[in-house]
Amino acid sequence: MRAQDREALPGDLAIWIFIFAELLVFGILFAVYAFARSAHVALFNQGQALLDRRLGLANTLVLITSSYAVARATEAIHRDRVQACGRWLLAALLLGSLFVGIKCHEFARDAQAGMNLSHDLFQMFYLSLTGFHFLHVVMGMAILAAVAAKTFAGGYRAHDCTGVETAGAWWHMVDLVWIILFILVYVLR
Amino acid sequence: MSAPTVATLPSQGLSGARLRLTLVWLLLMLLTVASVELGAHGTARQTLSGVLLLALLKGQFLVDHFMGLRRVHRVWRALMAAWLATVGALIAIAFLLA
């Protein structure tokens with residue numbers, strides 16, 4: 001593809017600056033987790049064994065599907081299919097709610113097992129990383145809800161859909177971060 | 001008024017986009033399950049290299065197709081690829097040092 005044929009960055013440029021700032025923070029946190037683990041392998045492996053990998057897997061599949069729904073919403077608005085865009089955004093929002101539900105169930109399960117931020121290094125990292133990501137999911141859902149409402153009100157068209165693209169970019173970033181977080185905390189040993 | 005040509009129909013070419021997004025979604029789901037299976041049954045080294053590579057691959061697929069950076073200026077896609085590669089390398093080094 002020639003340089004002049006390439007499309008503009010989807011969404012608002014400001015969200016991309018924000019996205020890269022968030023990725024930088026998560027990247028540093030992931031590296032700090034990994035190097036802290038290298039000095040406390042047994043502790044981290046014991047801590048990881050307390051986690052229910054099936055819940056982490058379920059949430060990964062839910063978030064990927066939600067990201068797919070947002071990609072379909074963006075594709076729909078590019079074709080001026082306003083209602084289809086709104087429905088895909090609602091689907092993404094419902095899947096986001098499912099992620100939140102599963103994660104809350106997991107946090108409750110962790111609390112019952114006696115996990116807390118000050119118990120040990122693994123639990124501090126696990127709860128902080130997943131909690132920090134959780135807040136990004138909640139913020140993403142608020143953005144998706146606002147954009148879905150504006151979509152159903154006819155606020156976006158194919159030639160004016162920066163809001164949908166901007167919300168989508170944020171939501172995909174939340175998914176991208178979880179893909180790495182999931183394998184780092186739940187799978188790698 | 002002349003009938004719209006195939007090239008001017010709004011849905012033309014985009015059914016391909018929908019199919020592409022759906023295939024990428026299915027691939028991401030499949031790779032996720034595969035990486036968990038590998039993590040559960042592989043040796044520590046297999047788990048590290050296999051699971052990490054699958055995750056980086058998934059990340060790049062997401063960046064290219066869901067985020068749509070495949071068709072924008074190369075620098076944006078390169079920035080994302082650099083983030084994935086750096087995070088992957090740091091995790092690999094830390095796990096190998098352990």
Side-chain angles (χ1 to χ4, degrees), chain A residues 1 3 5-11 16 19-20 23-24 26-28 30-41 44 53-54 56-57 60-61 64-65 67-72 74-76 78-81 158 165 168-169 171-173 175-177 179-180 182-184 186-189, chain B residues 10-11 14-15 17-18 20-22 24-29 31-33 35-40 42 44 47-48 51-52 54-63 65-77 79-80 83-84 86-98:
Chain A
M1 189 186 289
D5 294 335
R6 292 192 173 271
E7 296 169 3
L9 199 58
W16 287 97
I19 283 172
F20 279 106
L23 287 177
L24 190 64
F26 273 107
I28 291 168
F30 292 160
V32 172
Y33 172 97
F35 281 98
R37 178 193 173 277
S38 69
H40 305 89
V41 177
F44 275 63
R53 195 181 287 183
R54 291 168 305 175
L57 171 63
T60 309
L61 299 176
I64 286 172
T65 307
S67 209
Y68 167 70
V70 168
R72 289 296 303 265
T74 309
E75 190 273 338
H78 285 162
R79 287 185 298 125
D80 228 6
R81 303 288 169 91
E165 292 177 344
W171 196 248
H172 297 315
M173 181 275 288
D175 188 20
L176 178 65
V177 166
I179 284 174
I180 305 295
F182 169 63
I183 61 139
L184 182 63
Y186 290 81
V187 181
L188 290 178
R189 56 191 158 82
Chain B
S11 63
L14 286 166
S15 59
R18 292 197 291 278
R20 176 175 53 82
L21 290 175
T22 304
V24 169
W25 168 59
L26 289 171
L27 184 65
L28 290 175
M29 302 288 271
L31 292 180
T32 299
V33 174
S35 68
V36 170
E37 282 298 309
L38 185 61
T47 302
L48 178 62
V51 171
L52 202 49
L54 285 179
L56 298 181
L57 197 62
K58 281 165 57 185
Q60 195 60 51
F61 270 121
L62 186 126
V63 165
H65 297 279
F66 286 3
M67 275 185 172
L69 295 195
R70 191 176 64 112
R71 299 182 64 84
V72 304
H73 195 283
R74 284 190 192 90
V75 72
W76 296 104
R77 186 173 182 264
L79 273 173
M80 282 291 182
W83 181 80
L84 280 166
T86 306
V87 168
L90 288 171
I91 292 172
I93 290 166
F95 273 70
L96 289 172
L97 283 176

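The model shown is predicted, which means the values in this text are computed figures rather than measured ones. Residue numbers start from 1 in every chain, and the chains themselves are labelled A, B, ... in the order their sequence lines are given, proteins ahead of strands.
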Which value, rounded to the nearest 0.5 Å, describes the distance between [X] atom [atom1] and [Y] atom [atom2]?
X         : Y         : atom1 : atom2 : answer
Leu61(A)  : Trp25(B)  : CG    : CH2   : 9.5 Å
Ser35(B)  : Leu188(A) : OG    : CG    : 9.0 Å
Ile64(A)  : Leu31(B)  : CD1   : CG    : 8.5 Å
Met173(A) : Met80(B)  : CE    : CE    : 8.5 Å
Trp83(B)  : Phe26(A)  : CH2   : CZ    : 8.5 Å
Glu7(A)   : Arg71(B)  : CD    : CZ    : 4.5 Å

Taking side chain as everything from C-beta outward and backbone as N, CA, C, O, which of these in [X] sits under 4.5 Å from a heavy atom of chain B? Side chain, backbone, both or neither.
X         : answer
Ile28(A)  : neither
Trp16(A)  : side chain
Phe20(A)  : side chain
Phe182(A) : side chain
Thr65(A)  : both
Val41(A)  : side chain
Thr60(A)  : side chain

Run the side chain to side chain contact (heavy atoms under 4.5 Å, CB included) test on Val70(A) and Phe66(B) for me, step by step, so that the C-alpha distance in whole Å, both residues' side-chain angles and the decisive distance to 0.1 Å come before the verdict. CA-CA 8 Å; Val70(A) 168; Phe66(B) 286 3; over 6 Å; no

Testing the basics here: between [X] and [Y], what is the closest heavy-atom pair and its distance to 0.1 Å?
X         : Y         : answer
Ala55(B)  : Ile179(A) : O-CG2, 3.8 Å
Leu176(A) : Gly59(B)  : CD1-CA, 3.5 Å
Ala34(A)  : Ile91(B)  : CB-CA, 4.1 Å
Pro10(A)  : Met67(B)  : CG-O, 3.4 Å
Ala94(B)  : Ser38(A)  : O-CB, 3.3 Å

Test item: Leu26(B) and Tyr68(A) side chains (from C-beta on) under 4.5 Å apart, heavy atoms: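 They are not in side-chain contact.
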
Any sub-3.5 Å donor-acceptor pair from Arg189(A)'s side-chain atoms to Gly39(B)'s backbone N or O?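 Yes, because the side chain of Arg189(A) sits within donor-acceptor range (under 3.5 Å) of the backbone of Gly39(B).
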
Ignoring hydrogens and angles, tell me if any N or O in the side chain of Trp76(B) forms a donor-acceptor pair with the backbone of Leu9(A) under 3.5 Å.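 No; zero donor-acceptor contacts below 3.5 Å.
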
For the interface with chain A, which of [options] has the highest count of heavy-atom pairs at distances below 4.5 Å?
options                                : result
Thr86(B), Leu90(B), Val24(B), Leu96(B) : Leu90(B)
Leu56(B), Val87(B), Thr22(B)           : Thr22(B)
Val36(B), Leu97(B), Val33(B), Leu28(B) : Val36(B)
Val63(B), Ile93(B), Leu84(B), Leu69(B) : Leu69(B)

Between [X] and chain A, which part of the residue has a heavy atom less than 4.5 Å away: side chain, backbone, both or neither?
X        : answer
Ala92(B) : neither
Leu48(B) : both
Val51(B) : both

Stepwise side chain to side chain contact (heavy atoms under 4.5 Å, CB included) test for Arg20(B) and Glu75(A): CA-CA 11 Å; Arg20(B) 176 175 53 82; Glu75(A) 190 273 338; over 6 Å; no

